**Q** 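Here you go, one structure.
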Number of protein chains: 2
Amino acid sequence: MPTVTTATGAPSGSRSLPHPAREDIRLADVLHALADPMRLRIVCALAAAEGELNCADIELPVSKSTCTHHFRVLREHGVIQQIYRGTAKMNGLRRADLEELFPGLIDGVLRAAGLQERRLGEQ
Amino acid sequence: MPTVTTATGAPSGSRSLPHPAREDIRLADVLHALADPMRLRIVCALAAAEGELNCADIELPVSKSTCTHHFRVLREHGVIQQIYRGTAKMNGLRRADLEELFPGLIDGVLRAAGLQERRLGEQ
DNA sequence: ATCGTAGTTTGACATTCACCGTACTACGAC
DNA sequence: GTCGTAGTACGGTGAATGTCAAACTACGAT
């Protein structure tokens, strides 16, 4: 048998990743996704790099599988979008969708994260 | 032996509740505290009522003990402050502290919650 | 002193979470 | 084809979470 069939029947060769539609994104889910230091770092890094980053560009003090886990949480809760680009997986903030649903929220969180880092770093 | 001694040695008759100092409040903790539909409702209610509310003023579809739990999470993570006033326990948002640490954050969350409620309610 | 009201505490339970290591898959380059 | 690299999937572990019911405590009113 070929090794190609995926459980979901999705075509192999264009690995697709499920993203919630904009209208299915919930505030509590977004907050939950952001309520983890690791994921907060990821989101800050994505925001800082205006464009897309691959997973390895953000070095985190956790294992590869844990890293995958955090990126998936962010994607499934609607905070980032991920697409395969060759062998890499590029990640980007869903700024437009989040801004439309919860205007100002992400910027507020990012700003708060920056302020806290400065405060704790210099103390 | 009298029944009055509390485990912590706190004087009975002025039941005291531990609150984190402002500088100990962490963004991830605040987001985590807000990342629950029940607690979001509590916070919205407290924000709407400019002053203090006792626990029972916010009716939630959960048991009394679960309610206690959620209020404690909010307090221990620095989102609300609670004080005993006779037989009632009054709750208030720690607006000033949060505003100083994370300016605009709470308002952003509250606004997002309002927008989402309107969006989901009318659809 | 007794009672009702408001909220706590405890213990339990099912679920979820963050984390890991190992085995695996998909892709590009050689 | 074969190999290396990037990331996934699986299985597991210990801790935290949201929930409840039942017994309890503190306070004010009667």
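Values below: every heavy atom of this structure, side chains too, minus hydrogens, waters and symmetry copies. Below, chain A is the first sequence line, B the second, and so on; all start at residue 1. Owing to the predicted nature of the structure, the values given are computational and were not obtained by experimental measurement.
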**Q** Taking CG from B:D29 and C1' from D:dT17, how many angstroms apart are they, rounded to a whole number?
**A** 14 Å

**Q** In whole angstroms, how far is the C1' atom of D:dG7 from the OH atom of A:Y84?
**A** 6 Å

**Q** Using the side-chain contact (heavy atoms from CB on, under 4.5 Å) definition, which of the options B:L74, B:N91, B:D36 pairs with B:V43?
**A** B:L74

**Q** Who are the side-chain contact (heavy atoms from CB on, under 4.5 Å) partners of B:E23, not counting sequence neighbours?
**A** A:R119, B:A21

**Q** Who pairs with A:P18 by side-chain contact (heavy atoms from CB on, under 4.5 Å), at least two apart in sequence or on another chain?
**A** A:R75

**Q** Starting from P on C:dA6, measure out to CG on B:L53 and report it in whole angstrom.
**A** 15 Å

**Q** Using whole Å, what does the distance between atom P of nucleotide D:dT5 and atom CE of A:M90 come to?
**A** 19 Å

**Q** Could you tell me the separation between the CD1 atom of A:I80 and the P atom of D:dG7, rounded to a whole number of Å?
**A** 12 Å

**Q** On the nucleotide C:dG7, are OP1 or OP2 found under 4.0 Å from the side-chain N or O atoms that B:N54 carries?
**A** yes

**Q** Report the distance from atom CG of A:L31 to atom P of D:dT17, rounded to the nearest whole Å.
**A** 16 Å

**Q** What residues form a side-chain contact (heavy atoms from CB on, under 4.5 Å) with A:D57, not counting sequence neighbours?
**A** A:L53, A:N54

**Q** For residues 58-66 of chain A, dump all side-chain donor-acceptor pairs below 3.5 Å to protein atoms at least two apart in sequence or in another chain.
**A**
residue	atom	partner	partner atom	Å
A:S63	OG	A:S65	OG	3.4
A:S63	OG	A:T66	N	3.3
A:S63	OG	A:T66	OG1	3.1

**Q** Take the protein atom CD of A:E59 and the nucleotide atom P of D:dA6, then report the distance between them rounded to whole Å.
**A** 14 Å

**Q** Would you mind building the protein contact string for nucleotides 17-22 of chain C? One character per nucleotide, 5' to 3', B for base within reach (heavy atoms under 4.0 Å), S for sugar-phosphate only, - for untouched.
**A** SBBBB-

**Q** Nearest whole angstrom, please: distance from the P of C:dA26 to the CD1 of A:I83.
**A** 19 Å

**Q** Going by the rule side-chain contact (heavy atoms from CB on, under 4.5 Å), which residues pair with A:E99 if we only count those two or more places apart in sequence or in a different chain?
**A** A:P103, A:D107

